[in-house]
Amino acid sequence: MSALLLQLGQILLVLALAPLLTGWVRLVKARVQGRIGPSPFQPYRDLRRLMLKEPLVGDSTSWLFRAAPYVTFSAVWLAACLVPTFAVGLPLAPAADLIALVALLAVARVWTALAGLDSGTAFGGLGASREMLIASLAEPAMLMATFSLSLVSGTTQPERIIAFVLSGGVGIEVSLGLALAALVMVAVAECGRIPIDNPATHLELTMVHEAMLLEYSGRHLALMELAGMVRLTLFLALIGGVFAPWGIAPAEAGPLSLLIGFGAFLAKSFALASALAVFETAIAKMRVFRYADFLGGALLLGLLATIFLYVSEAV
Amino acid sequence: MGAGQIAYDIAHLIGATVLMAGLQMLYQRRLFAVINTFVFQALALAAAAAWQAHVQDAPHLYVTAGVALVFKAMIVPFALHWLVEKLAIQRTVETALPIGWTMISGVGLVALSILLVLPVTANAAALTRESLALAMSVVLLGLLMMITRRNAVTQVIGFMALENGLILAAVSARGMPLVVEISVAFSVLVAMTLFGIFFFRIRERFDTLDLADLETYRGDRT
Amino acid sequence: MLIALALAVLPVLAVLGLAAGRFEGTHRLVALGCAVVSLVLLVAGAGHLLGGGPPPAMVLPFGLPGLGFHVRLDSLSALFMVVVDLPAAAAAFYTIGYASHLPERRRVTPFLPLFLFGMNAVLLADDAITFLMAWEFMSLASWLMVVSDHRLEENRAAGQVYLMMALFGTLCLLGAFAVLAGPAGAWDFATMRAAASGAAVAAVAPLALLGAGSKAGLAPLHVWLPLAHPAAPSPVSALMSGVMTKVALYALVRLLFDLVGRVPWEWGAVLMVIGSLSAVLGVMHALIQDDLKRLLAYSTVENIGIVAIGLGLALAFKDGGEPALAALALVGALYHIVNHATFKTLLFLAAGAVQAATGERRLSGLGGLLKRMPWTGTAALIGSLAIASLPPLNGFVSEWLILQALFKGPSLPPWAMKFGVPVVAAMLALSAALAAACFVRAYGIAFLGRPRSLAAAQAGQHPTPATMRWSMAALAFLCLLLGAIPVTVTDVLSAVVVPLAGGPFQVSADLGWPWLSPVGATRGSYSGTVLVLVGLALFAIVVVVAHAFGAPRARRAEAWDCGCPEGLLLPETQYTPQSFSQPQRRVFGSTLFAAVETIEMPEPGARPPARLSVRLIDPVWDGLYRPLFRAVAAIADRVNRLQSFTVRGYLLLMFATLVLMLLVVAWRQRS
């Protein structure tokens with residue numbers, strides 16, 4: 001029973017924390033750029049404002065346009081419920097491993113792209129086309145990183161990888177470093193952050209994700225934005241959990257371990273979010289046709305991570 | 001996992017950083033980015049040499065680290081920056097092979113090196129399997145860079161990257177003699193190559209190497 | 001017995017179709033008959049598959065003297081009967097409504113029952129002669145339907161290529177069976193199985209790969225697929241793509257896993273390499289197509305490649321002494337076969353419905369069809385999501401199983417496998433991601449947005465016939481079902497796989513029913529059932545909460561388009577299919593297709609539009625087949641001179657041959 005409560009707690013936690021993390025990223029970015037910046041709670045206000053507005057849909061769109069925000073958000077939320085955040089051993093965790101997680105995020109992306117095409121405008125097609133290019137390169141890269149992680153730890157379940165790393169089964173392993181690099185590059189691409197996509201732009205030349213959402217308004221737009229925020233939280237939790245798992249509460253833990261786990265999760269997420277903000281400020285967005293070099297590099301890093309394991313005889 | 005294991009792990013991590021810098025150099029399209037990445041590789045090499053000096057208790061390796069730091073991370077990049085600016089060498093890297101294929105070849109060469117070292121037993125006394133694989137990969141990547149780039153500056157950098165790999169192998173082998181002498185000799189060789197480019201470009205630009213004629217371009221004489 | 005009766009009905013239907021083709025009702029009757037027969041066969045096959053028990057076998061009295069027709073229904077055949085007859089029933093049912101749209105009905109309807117007969121007979125055959133005869137029957141019947149619309153030049157050319165490839169394939173299979181039969185001429189499978197020595201593998205394996213691979217559509221023998229499948233009418237294309245390719249894979253599985261003894265892992269590696277190349281090549285071609293049916297044909301090539309990867313991996317594991325992992329890979333491959341038969345048939349039927357409603361097959365003339373054809377659109381949506389391997393649909397489960405098997409690949413001893421498996425995994429992942437992009441493009445441009453032509457805008461005026469809608473709905477439901485209860489399906493497949501892989505296979509290990517955890521409880525698990533249930537719950541919560549804020553209902557208005565003025569938002573401003581795939585064409589196409597884009601800009605102030613043209617080559621056709629044809633033509637020219645010798649020349653030829661043979665005799669006498 002308590003495990004079920006913990007699972008519910010996680011489901012609500014990722015939802016509640018997501019806007020705060022996005023707000024934090026914006027605040028740190030602003031400060032690094034020499035501005036004062038908005039309050040980190042501003043995204044909550046934005047979402048509430050959007051929820052109260054009347055949504056408009058284009059007159060040539062079909063039911064898919066109206067259903068897509070709900071489906072996208074549900075898929076991302078479901079994926080976020082499956083990633084270990086403050087505790088492992090939650091009852092839903094065996095339902096999906098890393099491969100299924102990647103695929104759930106793909107569901108969200110495909111529905112968003114379809115919605116973009118359904119809007120019947122050039123911008124929708126633009127966003128959908130570029131998004132599918134990014135997807136076709138980022139997914140294989142993430143799968144190769146998963147491959148190397150599974151070779152090292154013997155499993156593809158995130159919580160068992162965490163358990164393996166915590167048990168000291170692996171030292172400072174070169175392959176893990178390479179897998180981390182690949183995963184970070186993929187996370188940047190999936191969350192639509194610089195250098196792949198600028199979440200704050202609406203210029204035709206630079207839009208990817210925003211272009212697909214251009215026709216949305218009201219609660220539809222709120223759900224799409226929230227989906228993006230939850231996606232960011234998911235990746236921060238994944239990277240922080242798998243590569244720095246110290247502090248996560250083990251299965252059937254007492255209240256103190258849970259508190260420590262919660263605190264560790266918050267600390268790691270905010271630290272990674274700050275790092276992301278600094279990283280975004282430090283480099284520029286790349287041209288669309290450089291995505292292949294960037295994400296192809298991530299794919300090759302994942303491949304290298306796998307191959308390196310042979311020489312360090314971890315296989 | 002004793003102290004020896006951690007020492008090896010850190011050595012391999014630094015070696016992997018040298019290798020990643022080598023791959024990153026193949027990825028760059030701008031000349032200054034290539035030079036900066038080379039600086040990073042030289043710094044990593046210095047760190048590797050210093051760590052090996054600490055672990056193997058071989059103080060002469062600190063000299064190698066110092067040579068790598070001063071010469072390769074400071075003097076040569078500075079000289080190259082100056083060359084590129086003064087002689088107005090074009091700043092984009094001309095590639096003989098598209099960057100995607102270059103990266104794939106690079107990864108293939110790393111896989112080849114790993115395949116080659118596999119018959120070596122894991123507990124080889126002087127040099128561990130992983131260090132040998134890393135060093136050989138760096139050498140091969142340096143060669144690949146020399147083959148797939150057309151600018152003279154990038155070819156020199158490729159040559160120096162190749163040499164970095166050899167130095168990496170030399171410092172990782174326990175008790176290898178004459179490491180310092182080898183590194184100094186290579187550095188002199190690189191300096192001569194740089195001078196060679198320098199003179200070649202001067203002659204190409206001004207059609208003469210005669211210092212008397214060149215002095216007339218100095219500009220502050222009538 | 002039931003099966004024999006059902007099969008006997010089919011030729012009767014064919015004769016009926018031939019004789020009474022003038023009447024409208026005959027075509028519907030024949031289609032209905034085919035549907036009923038397929039359902040009966042499906043039930044029989046499923047009954048044996050789920051019920052188990054010893055395989056019933058029979059020897060029919062006709063056929064070659066001294067041999068007879070051996071037929072046998074073991075679990076593999078039963079599984080493939082389900083794979084063949086379920087889509088066949090759906091397609092036949094569909095044809096009842098589609099018959100009025102068939103361009104040359106009288107040339108198609110008689111051969112459909114014969115096609116079904118051939119396919120089922122291949123699955124039931126228990127000796128090589130029956131097998132080959134049924135195989136040829138299947139090829140000929142489908143060829144007749146491919147060239148049915150013979151007035152189009154491209155259909156005739158497609159028929160030619162198809163016939164050549166079919167003949168080539170049968171020849172290779174004949175060679176493979178001949179080697180297996182040995183000098184004693186034991187053509188029946190039971191003897192081959194018992195005598196399985198593995199010594200003949202070096203000859204059998206390449207012949208089997210060439211023969212079955214050409215029919216299945218493995219690169220580089222896939223070139224007939226994108227020509228023949230679009231040429232045939234839609235229900236027939238659905239069967240050729242979704243079902244006939246599976247029969248070819250059945251031949252491959254039967255030969256390499258059942259009849260031959262030990263297959264060395266090198267052949268598994270070859271199969272994996274061919275599979276990954278087919279997968280990437282197929283999906284890249286699909287991404288640049290404008291013709292919907294050609295796109296679907298190339299996508300078939302891709303999926304067959306994925307199955308080949310699974311089969312190759314199973315061979316390698318089997319030889320490496322890991323029967324449980326071989327079983328895993330084989331189950332993944334078989335699951336993908338079942339899935340692909342379902343969703344590919346569905347997609348082709350939907351394409352047929354679109355063509356019937358609009359007369360358009362090109363993506364650049366479609367659009368906005370989801371609003372106008374809701375049933376077809378929704379069914380096609382489910383099919384597209386399934387083929388893009390998205391959870392919780394069925395395509396994802398087979399992809400997941402094959403990936404889990406690949407992730408265990410490095411445990412094989414040979415170093416070629418240790419280095420090759422990650423590369424194959426990368427290519428599989430790449431092709432899966434590109435397939436998602438391909439079907440977002442295909443579905444999005446065909447069914448979403450605004451209509452790009454008048455025909456598309458008028459699509460909904462005549463509603464799609466009920467039988468067409470119901471058959472598509474049934475297949476779509478099956479996609480959902482196969483994805484939601486993966487453990488049940490893998491349980492059924494494991495029973496089939498055990499004798500082939502040589503070892504047992506645990507589907508849900510320690511975790512129990514809804515959790516699919518094939519290799520071990522800790523290794524990796526997936527539960528389609530749980531994801532569907534929790535996902536629906538979350539969806540419901542989201543809908544309720546989002547509406548609880550009290551905002552008004554969604555209102556329809558003209559699209560904003562960043563402030564485009566009313567009346568200027570034309571359908572032509574939307575993305576065309578070629579625009580959508582331009583990034584992939586730029587990134588991958590420049591190497592694979594030698595794609596060159598040229599832009600002709602008019603002078604400033606001039607009226608003509610700018611033109612973008614793309615020049616592509618087909619690497620297999622231009623790299624392999626054209627030089628081959630040129631070489632054959634050159635040789636033929638040389639040999640042609642034999643036709644015009646003088647009398648003295650022919651006498652010289654005869655004399656030379658005689659002398660040569662005498663020399664051979666003399667040489668042999670000496671040694």
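Protein chains get the first letters and strands the later ones, always in sequence-line order, with residue 1 at the start of each.
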- Task: Take C/Asp561 and A/Leu214 through the test side chain to side chain contact (heavy atoms under 4.5 Å, CB included) and record every step on the way to the result.
- Result: CA-CA 7 Å; C/Asp561 202 14; A/Leu214 211 57; 5.5 Å; no
Give, for atom [atom1] of [X] and atom [atom2] of [Y], the distance between the pair rounded to the nearest 0.5 Å.
X	Y	atom1	atom2	answer
A/Leu56	C/Arg555	CG	CZ	5.0 Å
C/Trp560	A/Phe123	CH2	CZ	8.0 Å
C/Leu448	A/Phe65	CG	CZ	11.0 Å
A/Leu151	C/Ser411	CG	OG	9.0 Å
C/Trp400	A/Asp97	CH2	CG	5.5 Å

- Does any heavy atom of chain A fall under 4.5 Å from the side chain of C/Leu536, the backbone, both, or neither of them? neither
- Heavy-atom proximity to chain A below 4.5 Å, by part of C/Val545: neither
- Query: Can you tell me if A/Ser129 uses its side chain to pair, donor with acceptor, with the backbone of C/Phe580 under 3.5 Å?
  - Reply: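 Yes; at least one donor-acceptor contact below 3.5 Å.
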- Backbone N or O of C/Ser525 within a donor-acceptor pair of the A/Gln157 side chain at under 3.5 Å? yes
Could you have a look at [options] and say which one has the most heavy-atom pairs with chain C under 4.5 angstrom?
options	value
A/Phe289, A/Trp111, A/Tyr291, A/Phe73	A/Phe289
A/Ala122, A/Ala163, A/Gly218, A/Gly302	A/Ala122
A/Ala135, A/Ala113, A/Ala128	A/Ala128
A/Ala95, A/Ser153, A/Ser74	A/Ala95
A/Ile11, A/Leu114, A/Leu143	A/Leu114

Least distance between heavy atoms, [X] atom then [Y] atom:
X	Y	result
A/Leu78	C/Gly535	CD2-CA, 4.1 Å
C/Gly524	A/Thr156	CA-OG1, 3.5 Å
A/Leu104	C/Pro391	N-CG, 3.9 Å

- Could you walk me through whether C/Arg553 and A/Glu54 pass side chain to side chain contact (heavy atoms under 4.5 Å, CB included), step by step? CA-CA 7 Å; C/Arg553 291 192 46 159; A/Glu54 177 191 34; over 6 Å; no
- Message: Test side chain to side chain contact (heavy atoms under 4.5 Å, CB included) on C/Phe419 and A/Thr306; report intermediate values, then the result.
- Response: CA-CA 9 Å; C/Phe419 278 90; A/Thr306 321; over 6 Å; no
- Specify whether A/Phe147 and C/Phe407 have parallel, tilted or perpendicular ring planes, treating 30° as the upper limit for parallel and 60° as the lower limit for perpendicular.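 A/Phe147 vs C/Phe407 ring planes: parallel.
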- Evaluate side chain to side chain contact (heavy atoms under 4.5 Å, CB included) for A/Glu139 paired with C/Leu430, printing each intermediate quantity in order. CA-CA 7 Å; A/Glu139 261 185 56; C/Leu430 186 65; over 6 Å; no
- Query: Looking only at side chains, do A/Thr121 and C/Gln574 share a donor and an acceptor under 3.5 Å apart?
  - Reply: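 Their side chains do not contain a donor-acceptor pair, so the 3.5 Å distance test is not met.
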Tell me, for [X] versus chain C, whether the close heavy atoms (under 4.5 Å) come from the side chain, the backbone, both or neither.
X	answer
A/Tyr70	both
A/Val107	both
A/Leu126	both

- Task: Check whether any side-chain heavy atom of A/Trp63 sits under 4.5 Å from a side-chain heavy atom of C/Leu370, and report yes or no.
- Result: yes
